[in-house]
Structures are given as structure tokens and as C-alpha cells.
Amino acid sequence: MISTWSEWKRYPRPGRGDNLEAPISPGIYEVRTTGTGALYSFGAVDNLAQALALLPVGSKSWFGRRDTSDAPDLEYRTCATSSKAGAKAAAERMIGRRETYMSGAA
């Protein structure tokens, strides 16, 4: 079973001490660039909070720290599911719909 998407939330920027708000459950996440709406990352995962926390954002410096000047302005939303299999099935349906839409728009 699939629930509904959460509201779009600002993705925490490195070094600002912001918090990430996501369920510790299987589901789908979508991350986009705030200004353009361009898709940055999308996935079906076992643990939404962990997947979003480990998302590579910006570049690393020589000293292993994230360079905050390169970090894009992002926002994210999540959709919890009862299992990872459910998340994968929902993600495949979404990808299929997006491809159908894009082929019709071309």
C-alpha cells in the first residue's frame, strides 16, 4: 500500500545545522532543485531518513569536508510504503507514467 506524498521541504544545507524530516521506513523519495524544479535524485529505499541523509550534495574538499559554496538549493518530499517491494513497484509505475508523458510531449 502506498500513502500520499509529503509536502516539499527544504533540504538541509551543510554547515547550517538544519534537520531532515523523513520517516524511518521504506518508501520513495524525490529531491529537486528549488529554482528550476529539475529532478536531482529519486529512489525507492528501505529507510527514507537514512537514504536522504546519505545523499551526496555538493563536493568534498581536500580535507574531507563538504564545500558549502557548491551545494545546490534543494527540496525533497517522501512517500512512505509498507515495504521496499511496494516502494519499488510504486517507483516503477511513476517512471512509466513520466516516460509516457514525455514521449507524448515530444
Checklist outcome for this item: Taken in chain and number order and not counting sequence neighbours, the residues that satisfy side-chain contact (heavy atoms from CB on, under 4.5 Å) with Glu21 are Lys9, Tyr76

Checklist entry - Taking only residues two or more places apart in sequence or in another chain, which ones pass salt bridge (Lys or Arg N to Asp or Glu O under 4.0 Å) with Asp46? => result none

Next on the checklist: Would you compute the distance between atom CH2 of Trp8 and atom CD of Glu30 and round it to the nearest 0.5 angstrom?
Outcome noted: 4.0 Å

Checklist entry - What residues, two or more places apart in sequence or in another chain, satisfy side chain to side chain donor-acceptor pair (under 3.5 Å) together with Thr34? => result none

Checklist entry - Which of these passes salt bridge (charged side-chain N to carboxylate O under 4.0 Å, His left out) with Glu75: Arg32, Arg13, Arg10? => result Arg32

Checklist outcome for this item: Ala53 and Leu20 have their tightest heavy-atom pair at N-CD2, 3.5 Å

Item to check | Shortest non-hydrogen contact between Ala80 and Ser25, atoms and distance | outcome: CB-OG, 3.8 Å

Item to check | Heavy-atom pair with the smallest gap, counting every atom of Ser41 and Leu55 | outcome: OG-CD1, 3.4 Å

Item to check | Main-chain N/O of Gly35 paired to Thr33 side chain as donor or acceptor, under 3.5 Å | outcome: no

Checklist outcome for this item: In this structure, CD of Gln50 is separated from CG of Leu52 (nearest 0.5 Å) by 10.5 Å

Checklist entry - Minimum heavy-atom separation for Ala91 to Ile28, with atom names? => result N-CD1, 3.8 Å

Checklist entry - Is the NZ atom of Lys84 crowded by more than 12 outside heavy atoms at less than 6.0 Å? => result yes

Checklist entry - Do you know the tightest heavy-atom contact between Pro56 and Tyr40? => result O-OH, 3.1 Å

Checklist outcome for this item: Note: Cys79 and Leu48 closest approach over all heavy atoms is O-CD1, 4.1 Å

Next on the checklist: Looking at Ser6 and Thr78, would you say the former's side chain and the latter's main chain have a donor-acceptor pair under 3.5 Å?
Outcome noted: yes

Item to check | side chain to side chain contact (heavy atoms under 4.5 Å, CB included) evaluation trace for Val31 with Phe42 | outcome: CA-CA 6 Å; Val31 181; Phe42 175 82; over 6 Å; no

Checklist entry - Taking only residues two or more places apart in sequence, or in another chain, which ones meet Asn47 in a side chain to side chain donor-acceptor pair (under 3.5 Å)? => result none

